[in-house]
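Report on the following structure.
Chain A is the first sequence line, chain B the second, and so forth, proteins listed ahead of strands; every chain is numbered from 1.
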Protein chains: 2
Amino acid sequence: MEVSNHAYAVILAGGGGTRLWPKSRQKKPKHLLSLLGKETILQLTYKRMRMIFPPERILIVTHQNHLEEAKHQLPEMKKDNWIVESQAKNTALAIAVAAAYVGHRDPEGVILNVHSDQLITNDEKFVKAAKNALVVAEQTENLVTIAIKPTFAHTGLGYIRVGEQFEDTPAFKARGFKEKPDFSTAQAFLASGQYLWNSGMYSWSVKNLNTAFAEHSPEFKKHIDVLLGVIGTEKEEETVKKIYSSATSEAIDYAVSEKAKNLVVIPGDFGWSDVGDWKVVYDLSKKDGWGNARVSEENTVLIETRNSLVEVGGRMIAVVGLSDIVIVDTPDALLVCHKDRTQDVKKVVEQLKEQKKTELL
Amino acid sequence: MEVSNHAYAVILAGGGGTRLWPKSRQKKPKHLLSLLGKETILQLTYKRMRMIFPPERILIVTHQNHLEEAKHQLPEMKKDNWIVESQAKNTALAIAVAAAYVGHRDPEGVILNVHSDQLITNDEKFVKAAKNALVVAEQTENLVTIAIKPTFAHTGLGYIRVGEQFEDTPAFKARGFKEKPDFSTAQAFLASGQYLWNSGMYSWSVKNLNTAFAEHSPEFKKHIDVLLGVIGTEKEEETVKKIYSSATSEAIDYAVSEKAKNLVVIPGDFGWSDVGDWKVVYDLSKKDGWGNARVSEENTVLIETRNSLVEVGGRMIAVVGLSDIVIVDTPDALLVCHKDRTQDVKKVVEQLKEQKKTELL
């Protein structure tokens, strides 16, 4: 199957990532960081899209506060393909606005929505799944999501129940969304083989998305219609801002996908991760003979230290007699955390917020 | 008993303290740091001497690299009472040189030698022991040491075996020195009640010290004689430097006390500590309800963290889900160490030395 020239990528580059504090900050969220290797997660995401799309058909939606850095990281991006958010308003609006821009260029447009802050280790398998999703989205009246074959009982993600195969396509009928489960429920999901992780990646034609918005969340259909009337005119910038200040903040799952009867699923098995916390960064990183990750020969001295992550920030870090520890050093803040407690880093950010230490958020 | 006007304090302010890295550095050794409370260990030592001696009878021997900072910390010190070492040459020479300066002022002089890097929590009991030592040193022909009643099986210190009471004085005959013992030997020492920790604090008259040097280490007797001929003349500074460049580097224990037959011991029980490593700093520090020490309300966020020491260095430090950990932050280096492994911090310094990272030593 080949992807048609109507296909566009929309990279949603919003989000924060408080569990990756102190590297992740409001001013420099997760996708702008190089947590693994040299490239940032945004750069890796863009590169992956380039395996399917030419630059002129890759759009990025991002907050105005992160625009400059994102542009700096992606010099190849077409100037007109940045969609700038004046406020963070969740995924439904970002997806609607992007759909209006795609629809303006090509009313037959079909979109692959991906997130800038997810990691994929097997690009080849991803490209295959993404192409399948785009073809089903273009050739049927369905909404398509790419959902992930679970590898463990993850309690930090939503799940999608999968039904029978959809006609003679590589897709399956979606049988309902499940909120983040507790551990035993997650274990049951995993054992059943019927549940996939909800990655938030979607593919749909502008036309089918418009139909779905009209039925389930007409507010967003209205925003698309208004935008189609002003894109390319002098009113464009002002209108986008107005819509951002007035629109409802809603997740696309809630606005559309959970309600739609015509959602189908492409199962994905390509080393996907939401890089949600430092434990995940450790798991995905190369380890030395002691099981230590991210260690800098130049800037660390480890004495009998094992299975730990040491993220240097320019200074010398010495660790003595510790196992399963995460150390993340930055110029103004330091995290020292047990590796099994990295989910609780968000509590640190909450406390800093309470203490009004905004410069550290 | 009252101390006579012949009595002088000599504070030996040498030493390094690699186990207190990264706060303790070659340029700023242990005694110049305020590891407990606001005052530095040198300041606390000087204050303690002032309970016994007037400023004009307190001398300090220190390395030229630390002189400026030491002077800054002790503005009350008499200008002529600093003895400056051009090289670190161990305690025998420092004690000999100081004895020459005291002898020059008062041939009847009697000296209390103390170390600038030891901590004492009960000043009153210390003053009593020190006065006893000075009186025995002045009124008898003996060399006197103040040795510490052990409170646990310390393997990092030497021990002195104690014999019968010396005449009708508060002192006891010394029955031999023991090198740093292994743990079971240290336990046996503790159980026997016959062994005291060697603190390196001594009291003796200039005259008796000279006699002892003459018998056991005549080189140092010679240095004293040479110095007595030049102190107060133009040749003084040059002669001191010459002696420092040529003299043998030897501990006073080896040069004199271990060999002397006339050594007596004053037992001390005044909350003495050599503040040898971060575990000791933790033990001596005030703890909060979670058993955490040195925590700064302004600059730490601790989530379920217990029995730990967090020494902030200006930045925010967040700790999550850890117990018995030592974190010491400085602008150019960070230590994260298990609290039971703080002795091994010296291994970090050794590695840095091998890597020729002299700026961090």
Enter the distance from B:Thr300:OG1 to A:Leu334:CG here, rounded to the nearest 0.5 Å. 11.5 Å

With a 6.0 Å cut-off (strictly less than), is the heavy-atom count around NZ of B:Lys178, excluding the residue itself, greater than 12? no

Cut-off 4.5 Å, heavy atoms of chain A, and the answer for B:Leu360 is side chain

More than 12 heavy atoms of other residues, nucleotides or ligands under 6.0 Å from OH of A:Tyr254: is that the case? no

Highest number of heavy-atom pairs under 4.5 Å with chain A among B:Thr305, B:Val319, B:Asn299 belongs to B:Val319

Less than 4.5 Å to any heavy atom of chain A: does that hold for the side chain of B:Ile303, its backbone, both, or neither? side chain

Separation between CE (B:Met316) and OG1 (A:Thr330), nearest 0.5 Å, reads 10.5 Å

Taken to the nearest 0.5 Å, the spacing of B:Leu322 CG from A:Asp324 CG works out to 10.5 Å

For B:Glu359, is it the side chain, the backbone, both or neither that has a heavy atom under 4.5 Å from a heavy atom of chain A? neither

Portion of A:Leu335 that has a non-hydrogen atom of chain B nearer than 4.5 angstrom: both

Region of B:Pro22 in contact with chain A, defined by heavy-atom distances below 4.5 Å: neither

Rounded to the nearest 0.5 angstrom, the CZ-CG distance for B:Arg315 and A:Asp332 is 8.0 Å

Using a 4.5 Å heavy-atom cutoff, which residues in residues 336-355 of chain B come close to chain A? B:Val336, B:Cys337, B:His338, B:Arg341, B:Asp344, B:Lys347, B:Val348, B:Gln351, B:Leu352, B:Gln355

